[in-house]
Amino acid sequence: MSEYIISCCTPADIPVSYYEKYDIKPIFFHYILDGKEYNDDLEKTMSLDEFYQKLKDGSDSKTAQVGTGEYIDAWEPYLKEGKDVLHIALGSGISGTFNSANTAKDMLADKYPDRKILLIDSLAGAAGYGVQPVKAAILRNQGMSIEENYKWLKENVLRTCHWFYTTDLTFLIKGGRVSKTAGVFGKMLNICPLMHIDNDGKIEVVTKARGRKKAMETALEKVRASITDPKEYDDVMIVNHSAMLDEAKLLVSKLEEEYPKMKGKIGIQSFGTTIGSHLGPGTVGVFYYGNFR
């Protein structure tokens, strides 16, 4: 069985320590903040606390996906070493980066015909995307071959669940997901939209709650509906937030109460610059493997 690496792009929004812990190779997205381009380099250049403070202060952030050449540069050293590549891509419903990765794969296949590059369209975003490379790494470490791992991920891609809500509609209005009129009334009424990623990998507003307490409870109800045996559940689960650490910790504590085998296992990580540029501050979400999306 050939040795293989697992890679993903940084909008996976997994805890930074997971890259080393699970031996996952990150590929950096980019963002443009107030006209200056940065790598989304896991907070080496700019902390996410600083990033969100800049957004609160009125800075403008745009994102740029990974180009074909960057995938080639990331994968080729491993191919030269005789290793194969299993790459999980940010969902095609959110980004066009899966197409860039496919182009890089085709170009490298001609140069390294004896090596494998297998690509997964995660149909997911944020840590709903991130749970997939983490799961792939766990399966690899259990002895699963690259082909078996690829097959498992493909068959279970729609089991990755996303439930996230925002207490600040500013960036949803800016991005056109909430109309300006609805946004004005939403702010007045303290409306918190609950969103998920649908089966096509696109963000969808599922329902709206009055206040963040109700929004969190509604998110927990959605989690309950997709997990059969709460006492035995112990799969990959990550909570993301954007400048809402206390809220994220509260959500983790509630999840640990309902899913006791998850105590101490639920990762917490800020939404990175790619997803955060679109959601803005004030968002919290839980991402995990359930029975269905």
Sidechain-backbone polar pair: [X] side chain, [Y] backbone, donor-acceptor under 3.5 Å:
X: Ser95; Y: Ser92; answer: no
X: Thr63; Y: Tyr31; answer: no
X: Asp198; Y: Glu204; answer: no
X: Arg293; Y: Ser226; answer: no
X: Thr167; Y: Gly282; answer: yes

Leu118: which residues meet the side chain to side chain contact (heavy atoms under 4.5 Å, CB included) condition with it, sequence neighbours left out?
Leu86, Ile146, Tyr150
For residues Tyr71 and His87, establish whether the separation of their ring centroids is below 6.0 Å.
yes
Less than 4.0 Å between a side-chain N and a carboxylate O, is that true for [Y] and [X]?
X: Glu217; Y: Arg212; answer: no
X: Lys54; Y: Asp34; answer: no
X: Lys21; Y: Asp23; answer: no
X: Lys265; Y: Glu256; answer: no
X: Lys154; Y: Asp121; answer: no

What pairs with His30 under ring pair (Phe, Tyr, Trp, His ring centres under 6.0 Å), at least two apart in sequence or on another chain?
none
Do Ile275 and Leu245 land in one hydrophobic cluster if side-chain heavy atoms of ILVMFWY residues count as linked below 4.5 Å?
yes
For the pair Trp163 and His196, name the ring-plane relationship: parallel under 30°, tilted 30 to 60°, perpendicular over 60°.
parallel
I'd like to know if the side chain of [X] pairs up with that of [Y] as donor and acceptor (distance under 3.5 Å, no hydrogens or angles considered).
X: Asp49; Y: Gln53; result: no
X: Tyr4; Y: Asn149; result: yes
X: Glu221; Y: Thr218; result: no
X: Tyr289; Y: Gln132; result: no

